[in-house]
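Order of listing sets the numbers, starting from 1, for every ligand and every atom in it. We're numbering straight along the sequence, starting at 1.
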Amino acid sequence: MGTVVDDGKKEAQQEALQEAQQEAHGSLADLNPTVVFVLGGPGSGKGTQCANIVEHFGFTHLSAGDLLRAEIKSGSENGTMISDMIKEGKIVPSEVTIKLLERAMLENGNDKFLIDGFPRNEENRAAFEDVAKIEPSFVLYFDCSEEEMERRLLGRNQGREDDNVETIRKRFKVFQESSLPVIEYYNSKGKVRKIDARRPIEEVYESVKAIFAPKDEKAD
Ligand SMILES: Nc1ncnc2c1ncn2[C@@H]1O[C@H](COP(=O)(O)OP(=O)(O)OP(=O)(O)O)[C@@H](O)[C@H]1O
Ligand SMILES: Nc1ccn([C@@H]2O[C@H](COP(=O)(O)O)[C@@H](O)[C@H]2O)c(=O)n1
């Protein structure tokens, strides 16, 4: 167990590291990126469609869930807390997730980001707005039935600890209670582009393409 002095030292080191990173990579305000939030229930196909968008439209894909899982693997002091939250389908405190997103955006340096699986609740949304001062251009919302999402997640086979029936149902509940209100918030601002995600991957992508390359513009 660390002493108070050790903890204080660690915090100071982290702050210094963050300042150094900011100096090296600038700030999000300098970068002023285009951001599209990609939302939808677990297993609705967000990651699958993001890969297509990256390939054809020059966006960088940042999945909040992937960043959190990488943080666990890195041996970070937050690793155990994050792992426990993910196993329960709970939402990790915003400051943790936002730091990871901010760092990834600055390190990457692209000015077009698909932010997948974020904001997951009202706290995520308000905190990101506060820290990053970025409004999304729009929100891509993949709408899918729970029955279909559960079928997909049980067949995903990526060894994820949260892809089991018990946790999947908890994740559905969190989506209904915490994430849908965020989608409704953006809908009230005219920012939601809703896609029927129950269809086959290629058909869903046709609808996605129409949003990113309207009318006669063609993707590569
Ligand atoms: N339209 C689709 N039809 C059938 N299967 C699909 C479709 N889209 C994605 N899948 C499959 O469903 C599984 C979940 O997809 P994906 O990982 O893209 O979902 P996600 O929304 O990113 O999930 P999560 O939020 O849990 O990370 C994957 O195995 C993927 O291959
Ligand atoms: N903004 C977020 C995003 C994700 N989480 C946690 O990660 C789990 C997996 O997320 P996926 O998007 O990869 O399905 C999710 O169930 C949460 O536990 C989070 O806390 N905050």
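Atoms of ligand 2 found under 4.0 Å from any heavy atom of Lys90, numbered from 1 in the order shown, are 17 (C), 18 (O), 20 (O). Annotation for ligand 2: atoms under 4.0 Å from non-hydrogen atoms of Asp162 are 9 (C). If you number the atoms of ligand 2 from 1 as listed, the ones under 4.0 Å from a heavy atom of Ile91 come out as 20 (O), 21 (N). If you number the atoms of ligand 2 from 1 as listed, the ones under 4.0 Å from a heavy atom of Val92 come out as 19 (C), 20 (O). Set against the non-hydrogen atoms of Gly117, the atoms of ligand 2 under 4.0 Å away are 1 (N), 2 (C), 3 (C). Residue contact check: Gly65 has heavy atoms under 4.0 Å from atoms 10 (O), 13 (O) of ligand 2. Listed by number with element, the atoms of ligand 2 under 4.0 Å from a non-hydrogen atom of Arg69 are 9 (C), 13 (O). The Phe118 neighbourhood of ligand 2 comprises atoms 1 (N), with distances under 4.0 Å to a heavy atom of that residue.
Between Phe59 and Phe212, the ring center distance clears the sub-6.0 Å criterion.
Within a 6.0 Å radius of CZ in Arg199, more than 12 heavy atoms belonging to other residues, nucleotides or ligands are found. Taking a 6.0 Å sphere around NZ of Lys90, one finds it holds 12 or fewer heavy atoms contributed by other residues, nucleotides or ligands. The environment of NZ in Lys194 is sparse: at most 12 heavy-atom neighbours from other residues, nucleotides or ligands sit within 6.0 Å.
Of the listed residues (Lys170, Arg120, Glu123, Lys46), the one carrying the non-hydrogen atom nearest atom 10 (O) of ligand 2 is Arg120. One option in Thr97, Asn124, Leu68 has a heavy atom closer to atom 19 (C) of ligand 2 than any other, and that option is Leu68.
With salt bridges taken as basic N to acidic carboxylate O contacts below 4.0 Å, none links Glu146 and Arg169. Salt bridge absent: Lys99 and Glu95 never bring a charged side-chain N and a carboxylate O closer than 4.0 Å. The residues Glu147 and Arg151 are annotated as not salt-bridged, no charged nitrogen and carboxylate oxygen being separated by less than 4.0 angstrom.
Side chain of Lys133 to main chain of Ala29: no donor-acceptor pair is present (N/O by atom type, distance under 3.5 Å, no hydrogens or angles).
The two residues Leu39 and Gly117 make their nearest non-hydrogen contact at CD2-C, 4.2 Å. The two residues Glu161 and Thr167 have their closest heavy-atom pair at O-OG1, 4.3 Å. Closest approach of Leu100 and Leu67 over heavy atoms only: CD1-O, 3.8 Å.
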Output, or 'none' if empty, a list of ligand 1-protein atom pairs in which both atoms are N or O and the distance is under 3.5 Å, rounded to 0.1 Å.
unit_1, atom_1, unit_2, atom_2, d
ligand 1, 1 (N), Arg152, NH2, 3.4
ligand 1, 1 (N), Arg199, O, 2.8
ligand 1, 1 (N), Ile201, N, 3.4
ligand 1, 3 (N), Arg152, NH2, 3.4
ligand 1, 17 (O), Arg156, NH1, 2.8
ligand 1, 18 (O), Gly47, N, 3.4
ligand 1, 18 (O), Thr48, N, 2.8
ligand 1, 18 (O), Thr48, OG1, 2.5
ligand 1, 19 (O), Gly45, N, 3.3
ligand 1, 21 (O), Gly43, N, 3.4
ligand 1, 21 (O), Ser44, N, 3.3
ligand 1, 21 (O), Gly45, N, 3.0
ligand 1, 21 (O), Lys46, N, 3.0
ligand 1, 21 (O), Lys46, NZ, 2.9
ligand 1, 22 (O), Gly47, N, 2.9
ligand 1, 23 (O), Gly43, N, 3.1
ligand 1, 23 (O), Arg156, NH1, 3.2
ligand 1, 25 (O), Lys46, NZ, 2.7
ligand 1, 26 (O), Arg156, NH1, 3.4
ligand 1, 26 (O), Arg156, NH2, 3.0
ligand 1, 26 (O), Arg171, NH2, 2.8
ligand 1, 27 (O), Arg156, NH1, 3.3
ligand 1, 27 (O), Arg160, NH1, 3.2

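The closest approach between Arg160 and ligand 2 falls below 4.0 Å for a heavy atom of the residue.
Remark: minimum distance from atom 7 (O) of ligand 2 to any protein heavy atom is reached at Ile86 CG1, 3.6 Å.
Below 30°, between 30° and 60°, or above 60°: for Phe37 and Phe128 the angle between ring planes is above 60°, a perpendicular geometry.
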